[in-house]
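Please read the structure below before turning to the comments.
Quick note: numbers below take in every heavy atom, side chains included, and nothing from hydrogens, waters or symmetry partners. Chain letters run A, B, ... following the sequence lines, proteins first and then strands; every chain starts at 1.
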Amino acid sequence: MSLTLYNTMTARKEIFEPLVPDTVTMYVCGPTVYNLAHIGNARPVVVFDTLFRLLQTQYDTVTYARNITDVDDKIIAAAREGERSIESVTTEFTAKYREDMAQLNALPPTLEPHATHNIDAMIALTRTLLEKGHAYESQGHVLFAVESMADYGKLSKRSLDDMLAGARVEVADYKRHPGDFVLWKPAADEDPGWDSPWGRGRPGWHLECSAMIRAHLGDTIDIHGGGRDLIFPHHENEIAQSRCAHGGDYVRYWMHNAYLDIDGEKMSKSLGNFHTVRDLLQSYRGEVLRFALLSAQYRSPLNFSGELLDQAQATLDSLYSTLREVQDVAVDMEVNLADEPFYHALNDDLNTPVAIAEIHALCKQLHKAVPGEKPALKGRILAAGNLLGILEQDAVEWLQNAATSDAISAAAIEALIEERQAAKLARNYARADEVREELLAQGVVLEDSREGTRWKRKSD
RNA sequence: GGCUCGGUGACAGAGUGGUCAUGUAGCGGACUGCAACUCCGUGUACGCCGGUUCGAUUCCGACCCGAGCCUCCA
């Protein structure tokens, strides 16, 4: 079973082979911790978490690093606006980010390097670039000279000429070439800063990833991921920094997810059309959000809406309903992944929609299975869920869990069910139906069976 | 303006040169005291116009429409 991944650098799917056998290094651009994560920010987290899970099924050691950017203009601005310290801002939003991502069933990454803990490595990298003639000092800044790199622009498939032609931005006068970017910039006295050979300052945006990847994962890593909008300039500039400083390959497979759309427009902080994960968690469980994010392949834009979430909720309900049917069936966890269609789908550049379709196919089989076949089918469904980070909860709890605190209690529901049962025994079907209607009005669906009546909540 | 990338049924979303994605919702039926669950069935979907082909949603070309990047942004 070989994993194929679409590599942005080569613009095609490639068979994945790690540099070091049985060992994978992966780095994903994490948050700048100055406000709450929105659901668009959650997409790469869920996507690469799924990849992390998949990689762990076939490699002994998978090191997954996701950075925390805790020094940045936006953080400084947020602190100033809130009249609070930088540290209190970054501490608060780092914690909230971790909480929110955990709600989405995202496993903690292996490493979570903080920019401010790696300043020395950034200074060292800047020094190397200066020594090798790829950077220059100008008006207190240290800048990377893009013209010093022959194949600058390779990842984003644009040339320096194209960039000049398309330039819409005023060029800072300390730049030799409009495409040159800051490695180190001077810090105002009241802003966070670190002593450096070029005076007190702080790192440019692109520097931290290059420096931290080298410090924590090595000169060459296998996978580097992030959103499409990071391709240029962020990742292009990371490549420039790392390749020019240390030579060799920086990243072997570049992966970029498409974004979430709202009404055909991308969801973004600057457009103001975003929903924070925290807000959405008021109305939907984290697993619903995760499922919605996985319902499209990661390189396709995904239309985000309440309807999408409602559909995700309904679909998960039906999958959990299937699992409830086999609640008392033992699980056969001896799943041969190599034979599983869902596993093939995931290995094909993380084709999660097809993997989900295969789960539906397994559910269909399970409904028709004779008892002897059920443990294996249950095991296969759970194995698929495990890779996708879904279906890991107790089915009855999932189906009976109240979305809101003002919903009717389980005890009240069960009391009414008993009353209805009595009415049915008395052949008082009018009253029995009345109870059914009463509960339905409160979002509770009753299911009669030979074993008795069970119930679930249905959101709509 | 430069550089990319898309347009699939009510909605979401795969995929393919020649029977079928799949799900949610809808409709019809079976089952049910009534329901729900489940099962069975069901919708002339592939932006538009040409071309290649025995055959194109799938390949090629033009056109229309949309999005993204070029500036902080997943």
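For A/Arg158, whose side chain is taken as the heavy atoms from C-beta onward, the closest listed nucleotide among B/rA25, B/rA14, B/rC69 is B/rC69. Counting only heavy atoms from C-beta on, A/Glu307 has its side chain closest to B/rC11 among B/rA14, B/rC11, B/rA74. Closest to the side chain of A/Leu260, from the set B/rA12, B/rA35, B/rA74, is B/rA74. Here the side chain of A/Lys364 is nearest to one of B/rC70, B/rC40, B/rA21, namely B/rC40. Here B/rA74 is the nucleotide among B/rG33, B/rA74, B/rC37 with the atom lying nearest to any side-chain atom of A/Pro44. For A/Ala432, the side-chain atoms get nearest to B/rG33 when compared with the rest of B/rA74, B/rG23, B/rG33. With B/rU38, B/rU22, B/rC37 as the candidates, the nucleotide lying closest to the side chain of A/Ala357 is B/rU22.
Judged by closest nucleotide on RNA chain B, A/His360 is the one of A/Thr32 and A/His360 placed further toward the 5' end. Nearest-nucleotide positions on RNA chain B place A/Ile356 closer to the 5' end than the other of A/Ile356 and A/Arg436.
The residue A/Gly226 sits close only to the backbone: its heavy atoms come under 4.0 Å of sugar-phosphate atoms, none of a base. Within the nucleic acid shown, A/Arg66 has no heavy atom closer than 4.0 Å to any nucleic acid atom. Note on A/Ser449: nothing from the nucleic acid sits closer than 4.0 angstrom, heavy atoms only. Contacts of A/Gln313 with the nucleic acid, taken as non-hydrogen atoms under 4.0 Å apart, are absent. Using a 4.0 Å heavy-atom distance criterion, A/Leu230 is classed as a sugar-phosphate-only contact. A/Asp448 comes within 4.0 angstrom of a base, heavy atoms only. Across all strands, A/Lys456 comes closer than 4.0 Å only to sugar-phosphate atoms, never to a base (heavy-atom distances). Across all strands, A/Thr315 comes closer than 4.0 Å only to sugar-phosphate atoms, never to a base (heavy-atom distances). Within 4.0 Å (heavy atoms only), A/Asn303 reaches sugar-phosphate atoms of the nucleic acid but no base atom. Counting non-hydrogen atoms under 4.0 angstrom, A/Pro31 reaches nothing in the nucleic acid. Across all strands, A/Phe232 comes closer than 4.0 Å only to sugar-phosphate atoms, never to a base (heavy-atom distances). Residue A/His38 is in base contact, counting any heavy-atom pair closer than 4.0 Å across all strands shown.
Aromatic rings from A/His275 and A/His38 are positioned such that their centres are separated by 6.0 Å or more.
Of the C1' atoms belonging to B/rG7 and B/rC49, the separation is 16 Å, rounded to the nearest Å. If you take atom P in B/rG18 and the same atom in B/rU58, they sit 12 Å apart, rounded to whole Å.
A/Arg12 forms no cation-pi arrangement with A/Tyr6, by the criterion of a distance under 6.0 Å to the ring centre and an angle within 45° of the ring axis.
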